[in-house]
Student: 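Below: one structure in structure tokens.
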Amino acid sequence: AMLKQALIAQVGGELERAVHLYLMCFKVHPAAAPNFRDEFMQVLTLHGSRLAAQGEAAKGLPLYKLAAAVLPRDAEALTLLGRLLFVLGKEGEARQQWLA
């Protein structure tokens with residue numbers, strides 16, 4: 001049910017809601033993460049891009065950190081978090097993400 005809601009939110013352009021729904025689903029049902037990882041990464045990237053275009057990149061930081069925590073071995077999630085940290089001027093934290 002949560003995955004269906006996430007997909008509907010994603011298609012409807014409600015990116016932040018979709019990110020939250022995917023993350024909640026992955027925390028409750030970790031086995032679903034590999035099956036919906038690509039859709040999740042797509043919506044996370046789009047949401048981050050929108051925030052950056054609006055000059056509000058910092059708003060995405062908690063979601064990116066949570067994504068990296070939920071998908072700790074996912075290179076793309078770690079790279080997105082590292083990139084965002086770098087853009088926000090947190091080079092030390094970004095370096096730690098890239099070395100992880």
Side-chain angles (χ1 to χ4, degrees):
M2 255 190 284
L3 283 173
K4 185 176 179 180
Q5 290 176 359
L7 290 168
I8 291 169
Q10 183 175 357
V11 171
E14 297 177 73
L15 302 180
E16 185 170 355
R17 183 170 184 267
V19 169
H20 281 287
L21 287 167
Y22 277 120
L23 287 170
M24 283 191 317
C25 182
F26 295 167
K27 284 185 99 174
V28 175
H29 306 289
N35 298 324
F36 290 89
R37 180 224 170 262
D38 292 344
E39 291 84 352
F40 170 68
M41 294 310 297
Q42 180 184 29
V43 75
L44 182 64
T45 301
L46 286 171
H47 181 56
S49 295
R50 279 193 187 168
L51 289 174
Q54 296 168 353
E56 299 178 336
K59 279 186 173 180
L61 189 56
L63 292 176
Y64 278 60
K65 284 185 174 183
L66 188 55
V70 170
L71 302 169
R73 290 181 170 43
D74 190 289
E76 188 175 1
L78 294 171
T79 299
L80 287 172
L81 175 57
R83 208 177 277 153
L84 179 61
L85 288 166
F86 184 80
V87 166
L88 294 174
K90 300 179 179 196
E91 292 88 358
E93 286 182 63
R95 198 171 295 115
Q96 288 175 346
Q97 287 302 315
W98 286 319
L99 295 175

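These values consider heavy atoms only, across backbone and side chains, with no hydrogens, waters or symmetry-generated copies. Owing to the predicted nature of the structure, the values given are computational and were not obtained by experimental measurement.
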Student: Between Ala68 and Leu81, what is the shortest heavy-atom contact and its length?
Tutor: CB-CD2, 3.8 Å

Student: Can you name the nearest heavy-atom pair linking Pro62 to Ala58, along with the distance?
Tutor: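 Here Pro62 and Ala58 meet closest at CD-O, 3.8 Å.
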
Student: Any side-chain heavy atom of Leu7 sitting closer than 4.5 Å to one from Phe36?
Tutor: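 The answer is yes, as the side chains (C-beta and beyond) meet within the 4.5 Å cut-off.
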
Student: Which residue, Val43, Val19, Leu21, forms the side chain to side chain contact (heavy atoms under 4.5 Å, CB included) with Gln10?
Tutor: Val43

Student: With rounding to the nearest 0.5 angstrom, report the CG to CG distance, Leu63 to Leu15.
Tutor: 11.0 Å

Student: Can you tell me how far apart OG1 (Thr79) and CG (Asp74) are? Round to the nearest 0.5 Å.
Tutor: 8.5 Å

Student: What is the minimum heavy-atom distance between Leu84 and Gly60, and which atoms define it?
Tutor: CD2-C, 3.9 Å

Student: If the condition is ring pair (Phe, Tyr, Trp, His ring centres under 6.0 Å), which residues does Phe40 pass it with, not counting sequence neighbours?
Tutor: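 For Phe40, the residues satisfying ring pair (Phe, Tyr, Trp, His ring centres under 6.0 Å) (neighbours in sequence not counted) are Tyr22, Phe26.
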
Student: How long is the straight-line distance from CE of Met24 back to CD of Gln5, given to the nearest 0.5 Å?
Tutor: 7.5 Å

Student: Would a hydrophobic clustering, with Ile, Leu, Val, Met, Phe, Trp and Tyr connected at side-chain separations under 4.5 Å, put Met41 with Leu51?
Tutor: no

Student: Could you give the distance from CG (Leu66) to CG (Leu23), rounded to the nearest 0.5 Å?
Tutor: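 If I round to the nearest 0.5 Å, the distance is 4.5 Å.
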
Student: What about Phe86 and Leu44, same hydrophobic cluster or not, with Ile/Leu/Val/Met/Phe/Trp/Tyr joined at side-chain heavy-atom distances under 4.5 Å?
Tutor: no

Student: For the atom pair CG (Leu3) and CD1 (Ile8), what is the distance rounded to the nearest 0.5 Å?
Tutor: 11.0 Å

Student: Tell me whether the count of non-hydrogen atoms from other residues, nucleotides or ligands lying under 6.0 Å of CZ in Arg37 goes above 12.
Tutor: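 Yes, CZ of Arg37 has more than 12 neighbouring heavy atoms, counting only those of other groups under 6.0 Å.
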
Student: Roughly how far apart are Thr45 OG1 and Arg50 CZ, rounded to 0.5 Å?
Tutor: 12.5 Å

Student: Do you know the tightest heavy-atom contact between Cys25 and Ala32?
Tutor: SG-CB, 4.3 Å

Student: Give the cluster check for Leu78 versus Leu88: same hydrophobic cluster or not, with ILVMFWY residues linked at side-chain heavy-atom distances below 4.5 Å.
Tutor: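 They do not share one cluster, since no chain of ILVMFWY contacts under 4.5 Å joins Leu78 to Leu88.
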
